[in-house]
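Nothing here was measured: the structure is a model prediction, and the numbers come from that model.
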Amino acid sequence: MLNWFFKRQATEKRAAVTGYTADLLTARASYLGGIAGSAELTGTVQACVSLWEGAFALADVSGTDMLNPRTMALIGRALALRGEAVFLITSGGLRACADWDLSTRGGTPYAYRLSVSEAGGAVSQTALAAEVLHFCIGSSPLTPWAGQSPLARASLTASLLIEVETALRDTFRDAPIGSQIVPLPETNGGANWQGAFRAKRGSTLVIEGTAQAVAAGMHPLADKHPDNLTPDLSKAMTAETLEAARSSIYAAFGVLPGLYTVAAQGPLVREAQRHLAGWVLQPICEVVAQEASAKLGGAVVIDVGRPLQAFDAGGRARALGALVEAMGRAKELGLTPDQFNAAVTAVNWGGGDNAM
């Protein structure tokens, strides 16, 4: 008995690649990674997320080498899908965190318990707030330390989008599209016609006997015509509903819906880029730069306007020409620099407004 008790037990081995346990772990990892719902599987949402990811990857970053294009792309995608992103500051760079828990003091994060993903599994460690970059958008006054994604803030529209797309998918998968009910008399000629119809590949045909479908003494084909089994989706207004849901999702992500219309022209595309960069992405970049400046020990500046060319090049050229001409005219009139600066300040072109 004692020999059995002190006998060295063999190491227990478990399957880690496939199986029920692996599926549960994968689902849990997806949940912790910020998967909010099935709406993220739609092309509409992924198009918006790709715009955010690409804009962050192209952004001009000055003041630090840690925010490289790959890290910026991760930040953009995490903010678009989850509303927040957490990175551990290490000597080798920033390490993305899959999950985290935090403690606060006065509503401000004080310490973190982080889960850093590895190929063999996640590694947990604790860190102070000064060692962590935590970016948030759409924060609520109730939880200012947590962020919300655009989909979470527009969950009703996201649900409508996935319901419409799911219904369309199931209809095209299960509905008898292209099927017809064709009435034919029970004659030899009708039998020949049935064989000819059945030879049509790629279509479904249901033959209805007319002898049992009409009253005695009537012509067997009277008032009989082929019936199409294809569902009429126009009566459900699926096209209009789908377009409205898509437009709302585009607006939630700051993308003008006209950007993805068939008739979109160059000026519309440039205006959509300018709107996305100026009103949505650049303010988020200011939040990211402020957090990075506080934690990385230097002034960090992030700009998405110049890489995306989200500005009116023609208008800037005309403004520059007018300004140069005004400066030359001021020199001819003998105005001092202070006098010229006072004049341009009166029209909001002076120093300090970042317009020059």
Can you find a heavy atom in the side chain of [X] that is under 4.5 Å from one in the side chain of [Y]?
X: Asp303; Y: Cys285; answer: no
X: Tyr112; Y: Leu128; answer: no
X: Thr71; Y: Met66; answer: no
X: Leu102; Y: Val132; answer: no
X: Cys97; Y: Leu88; answer: yes
X: Leu296; Y: Glu291; answer: no
X: Cys48; Y: Tyr250; answer: yes
X: Thr44; Y: Leu161; answer: yes

Separation of [Y] [atom2] from [X] [atom1] (nearest 0.5 Å):
X: Gln273; Y: Leu259; atom1: CD; atom2: CG; value: 7.5 Å
X: Glu131; Y: Leu114; atom1: CD; atom2: CG; value: 9.0 Å
X: Phe87; Y: Leu133; atom1: CZ; atom2: CG; value: 8.0 Å
X: Ile302; Y: Ile75; atom1: CD1; atom2: CD1; value: 7.0 Å
X: Arg246; Y: Thr157; atom1: CZ; atom2: OG1; value: 14.5 Å
X: Thr336; Y: Asn341; atom1: OG1; atom2: CG; value: 9.5 Å

[X] with [Y], same ILVMFWY side-chain cluster at under 4.5 Å:
X: Met237; Y: Val164; value: no
X: Val123; Y: Leu94; value: no
X: Leu51; Y: Val269; value: yes
X: Val86; Y: Val287; value: no

Check: Under the side-chain contact (heavy atoms from CB on, under 4.5 Å) criterion, do Phe172 and Ile177 qualify, and how do the steps go?
Finding: CA-CA 7 Å; Phe172 280 91; Ile177 297 178; 3.5 Å; yes
Write down the atom of [X], the atom of [Y], and the distance for their closest heavy-atom approach.
X: Ala73; Y: Ala57; value: CB-CB, 4.0 Å
X: Gly278; Y: Pro283; value: O-CD, 3.5 Å
X: Ala252; Y: Pro150; value: O-CB, 3.7 Å
X: Ala80; Y: Ser149; value: O-CB, 3.6 Å
X: Pro144; Y: Ser139; value: O-OG, 3.6 Å
X: Met72; Y: Ala59; value: CE-CB, 4.3 Å

Item checked: Main-chain N/O of Leu160 paired to Glu163 side chain as donor or acceptor, under 3.5 Å ->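 Side chain of Glu163 to backbone of Leu160: no pair is present.
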Next item on the list: Indicate yes or no for a side-chain donor-acceptor contact from Thr143 to the backbone of Ala146 under 3.5 Å, with no hydrogens or angles considered.
Entry: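 Side chain of Thr143 to backbone of Ala146: no pair is present.
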Any luck finding a side-chain donor-acceptor pair between [X] and [Y] under 3.5 Å?
X: His134; Y: Glu84; result: yes
X: Glu286; Y: Gln290; result: no
X: Asp232; Y: Ser234; result: yes

Checklist line | Any pair counted as salt bridge (Lys or Arg N to Asp or Glu O under 4.0 Å), so long as it reaches residues 46-70, sequence neighbours left out | finding: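 Applying salt bridge (Lys or Arg N to Asp or Glu O under 4.0 Å) to every pair that reaches into residues 46-70, excluding sequence neighbours, yields Glu53-Arg77, Asp60-Arg306.
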Notebook entry, point to check: With respect to Val61, which candidate in Asn68, Val288, Val300 satisfies the side chain to side chain contact (heavy atoms under 4.5 Å, CB included) definition?
Noted result: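 Testing Val61 for a side chain to side chain contact (heavy atoms under 4.5 Å, CB included) against Asn68, Val288, Val300 leaves exactly one candidate, Val300.
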If you count heavy atoms of other groups shown closer than 6.0 angstrom to [atom1] of [X], is the number above 12?
X: Leu156; atom1: CG; value: no
X: Gln265; atom1: CD; value: no
X: Arg173; atom1: CZ; value: yes

Notebook entry, point to check: Got a salt bridge between Arg169 and Glu165, using NZ or NE/NH1/NH2 to carboxylate O under 4.0 Å?
Noted result: no
Note to self: Ring of Trp100, cation from Arg82 - is the NZ or CZ under 6.0 Å from the centre and inside 45° of the axis?
What the structure shows: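 Yes, a cation-pi geometry holds between Arg82 and Trp100.
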Margin query: side-chain contact (heavy atoms from CB on, under 4.5 Å) for Leu276 and Leu256? Distances and angles first, verdict last.
Written below: CA-CA 8 Å; Leu276 177 63; Leu256 293 181; over 6 Å; no
Margin query: If the condition is side chain to side chain contact (heavy atoms under 4.5 Å, CB included), which residues does Ile137 pass it with, not counting sequence neighbours?
Written below: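 Applying side chain to side chain contact (heavy atoms under 4.5 Å, CB included) to Ile137 gives Trp52, Leu79, Arg153, Ile284.
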Next item on the list: Take Arg329 and Glu325 through the test salt bridge (charged side-chain N to carboxylate O under 4.0 Å, His left out) and record every step on the way to the result.
Entry: CA-CA 6 Å; Arg329 183 60 178 166; Glu325 184 177 354; over 6 Å; no
